[in-house]
Novice: 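Following this message is one structure expressed as structure tokens.
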Amino acid sequence: MRLLLALTLALVLAPAAQAGGGPERTVVVVNADSPVSLQVAHDYARRRAIPLSHLIYLEGVPTLRVVDLATYRERLWNPVKAALVERGLLETTDLLAWSADFPFGVDVTEEAKAKQVEGMQHVPFRAALTGLTWFWRHVEAQDPARYLDLQGNAFFHGDETDSSAGTSHGFSAGRPWNSNRYLLSVMLGYTGEWGNSAPEVLDCLARGAASDGTQPDGTVYLLANDDVRADTRERFFPYAASVLKGLGRKAQVLTKGEDGQDGIVPKGKADVIGAVLGAAGLAWAGSGSTLLPGAIAEHLTSFGADFSHGGQTKLSELIRAGAAGSSGTAAEPLALWQKFPLPVIHAHYARGCSLAEAYYQSLAGPWQTLVVGDPLARPFARFAKVEFPSPAVSTALTGVVEVKPVVTPATST
């Protein structure tokens, strides 16, 4: 009994990773009518030790494409919130993960026009499922001016012009940012048309979980070419590279026409832990490059998460190639950098943040961005170590034996 008590206390008192969240503050939403959604959710919950009480099952999910805002509220968000309230989880949940087989987009045009949202280049007014979930409080308040704001994310820690850019934060729903309440939100996998297969999604989540705390010796590659999709973020490359190198990590700009590079995807690189791409069309296969477990790879283009048609390369291509997470916009975003993760996402990740935390700290206006992958992946997190030294004995033990745990706190970066 005393040994069991000591073990319990050690696990309770041992310091957690410096950032990244955990299963006890994660909720997974499941399409109860979809065998694929059930499989993905249950596999993820098992792999991440998420309590079964943190799985919310929804019936009658209307489509895997785009729903209107009224349908989102009635068929998706309201039942989820009701379950969170009923189970006492609303105030303690940091992360809400949508399993596979859910809509990727929500049309908010009617509310935006009714509230006379003006002066913002948002054509069309189609939000991403994850972006709208992040802004759940503003959506409930029917305040599109807040959730459509290109600078509306108070958790954003962006570029060198931002005084808070030199820091990274672990997310807590219980800590308001500028009087806001957010929910980290990621889709575990998109398996509709133009998406990924169930095995590809499961492999993505397995690679993400396996990467935790591995401190991979990889390089973040920043791709430069003469396309507006690359130019939009190129000015942020030097700062991100500088921060990463200051953290002891590697970053390299790959420019079209130099050293055999085409500026679309890294060529011949076996150590890709991050890729910032900018092209309408790309193919990872044949590049000779390898995405390491835990890698974040994404590209700035109009239809990276618009799965209503096959135009342009979808984020699913990068998940298929081995990324633990990727993203894209659910509709034409125009070349607005605020709707895409800034390259500093990789600095937040390198400091030990989870994939979800890194994403939402690098997005100034995430309402139109669909984030897909393993939200809890944290390859650069450092974990406490708990050991139970064996008693030094020369004879058989009888009676009560006290074994004291030794806890080594996580080291700082």
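Quantities reported herein were computed from a predicted structural model and do not represent experimental measurements.
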Novice: So, Asp259 and Lys267, do they make that salt bridge, N to O below 4.0 Å?
Specialist: no
Novice: Indicate yes or no: at least one non-hydrogen side-chain atom of Tyr360 is less than 4.5 angstrom from one of Thr130.
Specialist: yes
Novice: Thinking salt bridges, do Glu91 and Arg181 make one under a 4.0 Å N-O criterion?
Specialist: yes
Novice: Show every donor-acceptor pair shorter than 3.5 Å between a side-chain atom in residues 272-296 and any protein atom, with sequence neighbours excluded, or say none if there are none.
Specialist:
| unit_1 | atom_1 | unit_2 | atom_2 | d |
| --- | --- | --- | --- | --- |
| Trp284 | NE1 | Ser289 | O | 3.0 |
| Ser287 | OG | Trp284 | O | 2.8 |
| Ser287 | OG | Ser289 | N | 3.2 |
| Ser289 | OG | Pro266 | O | 2.7 |
| Ser289 | OG | Gly268 | N | 3.3 |
| Ser289 | OG | Lys269 | N | 2.9 |
| Ser289 | OG | Lys269 | O | 3.4 |

Novice: Are Asp43 and Arg46 within salt-bridge range, i.e. N to O under 4.0 Å?
Specialist: yes
Novice: Would you call the rings of Phe156 and Trp337 parallel, tilted or perpendicular, where under 30° means parallel and over 60° means perpendicular?
Specialist: tilted
Novice: Among residues two or more places apart or on two chains, list those pairs meeting side-chain hydrogen bond (donor to acceptor under 3.5 Å, both in side chains) that have a residue in residues 76-89.
Specialist: Trp77-Glu140, Lys81-Glu140
Novice: Which residues pass the side chain to side chain contact (heavy atoms under 4.5 Å, CB included) test with Asp212, not counting sequence neighbours?
Specialist: Arg48, Arg378, Phe383
Novice: Side chains of Ser185 and Trp136: donor-acceptor distance under 3.5 Å anywhere?
Specialist: no
Novice: Kindly assign one of parallel, tilted or perpendicular to the pair Trp134 and Tyr182, based on the angle between their ring planes and the thresholds 30° and 60°.
Specialist: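 Because their plane-to-plane angle is under 30°, the rings of Trp134 and Tyr182 count as parallel.
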Novice: Taking only residues two or more places apart in sequence or in another chain, which ones pass side chain to side chain contact (heavy atoms under 4.5 Å, CB included) with Pro79?
Specialist: Leu58
Novice: Do the side chains of Glu317 and Lys314 get close enough for a salt bridge, i.e. N-O under 4.0 angstrom?
Specialist: no
Novice: Would you list the atom pairs, donor with acceptor, under 3.5 Å between side chains in residues 29-37 and any protein atom, with sequence neighbours excluded?
Specialist:
| unit_1 | atom_1 | unit_2 | atom_2 | d |
| --- | --- | --- | --- | --- |
| Asn31 | OD1 | Asp33 | N | 3.0 |
| Asn31 | ND2 | Asp101 | O | 2.9 |
| Asp33 | OD2 | Gly60 | N | 2.7 |
| Ser34 | OG | Val36 | N | 3.3 |
| Ser34 | OG | Ser37 | N | 3.0 |
| Ser34 | OG | Asp101 | OD2 | 2.5 |
| Ser37 | OG | Asn31 | N | 2.9 |
| Ser37 | OG | Ser99 | OG | 3.4 |
| Ser37 | OG | Ala100 | O | 2.8 |

Novice: Checking Asp231 now: which residues fulfil side chain to side chain contact (heavy atoms under 4.5 Å, CB included) with it, not counting sequence neighbours?
Specialist: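 Applying side chain to side chain contact (heavy atoms under 4.5 Å, CB included) to Asp231 gives Glu234.
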